[in-house]
**Q** 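Sharing a structure, written as structure tokens. Questions coming.
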Amino acid sequence: MKIATFNINGIKARINALPEWLDEAQPDVVLLQEIKSVDEGFPREIFEDRGYSVETHGQKSFNGVAILSKLPLEDVTRGLPGDESDEQARWIEATVMGDTPVRVCGLYLPNGNPCPGPKYDYKLAWMERLHARAQDLLAAEEPFLMAGDYNIIPQDEDAKRPEVWQQDALARPESRAAYRRILNLGFTEAFRARTHGPGHYSFWDYQAGAWNKDDGIRIDHFLLSPQCADLLRDCQIDKDIRAREKPSDHVPVWVELDA
DNA sequence: ATGACAATCAGAGATTGA
């Protein structure tokens, strides 16, 4: 089972690039972030025609997450528990019914800039809720994963120029500590389970020729529960997508599971 | 370098992102 995560930065803007990548990469499941669309505006037919079922959790203009799946989905839920007043669409869950059922959580973690400030407070509060949800899901001791745009640069090796990110919400010590606290519940970060060293990124800013300079950061991650980590066969970043026509500023990351 | 770059909503330019 191949599961991918991809921050597409607007479904309308990626109306050609996304199907093109799908046809090549042939993922069974895709967790999308930043669809920037309401549910009714999502172009489901493009994906249904390719054999995917479509589950969205959208909002107007910003944020929004979705799941595409060629395998049956069960028990779809929307929204991260822990704050009824939170209106931002950043979390969706479903169980993928392959040979081994896998619970998948697609997430778009708040950016948090500028920091300090209310947006940074929201980021840390959201991560606290993520920690709580992760604990609940781990208690089942079953295969599950949480993947998406974490807006976290875990270590200096995950940025081409770590020094410019030191005071940024994506890399400052409080952000990294909150991320590690979740990881330390017992998750395996899939990419680092298989690949070591610097030079691996999932985001390149549109500005200042970042792509041409390979001035990237790695902020899109797969966290696997222990039972899911046992199924891990591979994890890769589809870097080449970034060089195409009208690309997102993120590229897809995927895992292959023995499930 | 009060910058750049892209997307959204709107129908110009502010807001958001990372």
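Here is the naming used below: chain letters follow the sequence lines, and residue numbers restart at 1 for every chain. These values consider heavy atoms only, across backbone and side chains, with no hydrogens, waters or symmetry-generated copies.
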**Q** Measuring from the side chain of A/His250 (C-beta onward, heavy atoms only), which nucleotide among B/dA7, B/dA18, B/dG17 has the closest atom?
**A** B/dA18
**Q** Just call it for A/Asp249: base, sugar-phosphate, or nothing, with non-hydrogen atoms closer than 4.0 Å on any strand.
**A** nothing
**Q** Say we look at B/dT15 and B/dG3: how far apart would their P atoms be, to the nearest angstrom?
**A**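 Rounded to whole Å, the distance is 13 Å.
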**Q** Using a heavy-atom distance cut-off of less than 4.0 Å, which residues of residues 156-166 of chain A contact DNA chain B?
**A**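 Nucleic-acid contacts, sorted: none.
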**Q** Expressed as a whole number of Å, how far does the P atom of B/dC5 sit from that of B/dG11?
**A** 26 Å
**Q** Which of the following nucleotides, B/dT16, B/dA18, B/dC5, is nearest to the side chain of A/Tyr206?
**A** B/dC5
**Q** Please give the distance between the C1' atoms of B/dA14 and B/dT2 as a whole number of Å.
**A**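 Their C1' atoms lie roughly 15 Å apart.
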**Q** Using a heavy-atom cut-off of under 4.0 Å over every strand shown, decide if A/Asn111 touches base, sugar-phosphate, or nothing.
**A** base
**Q** Is it the case that more than 12 heavy atoms not belonging to A/Glu163 sit under 6.0 Å from its CD atom?
**A**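 Enclosed: over 12 neighbouring heavy atoms sit under 6.0 Å from CD of A/Glu163.
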**Q** Expressed in whole Å, how much space separates the C1' atoms belonging to B/dA4 and B/dA18?
**A**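 Per the computed distance, 14 Å lies between those C1' atoms.
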**Q** Do A/Lys60 and A/Glu87 sit within salt-bridge range, that is, some charged N less than 4.0 Å from a carboxylate O?
**A** no
**Q** Over all strands shown, is A/Tyr108 touching base, sugar-phosphate only, or nothing at heavy-atom distances under 4.0 angstrom?
**A**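 Result for A/Tyr108 = sugar-phosphate.
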**Q** With a 4.0 Å cut-off on heavy atoms, is A/Asp215 in touch with a base, just the backbone sugar-phosphate, or nothing at all?
**A** nothing
**Q** Assess A/Arg242 against A/Tyr201: is NZ or CZ under 6.0 Å from the centre of the six-membered ring, and within 45 degrees of the ring's axis?
**A** no
**Q** Strictly below 4.0 Å, N to O, side chains only: are A/Asp258 and A/Arg233 in salt-bridge contact?
**A** yes
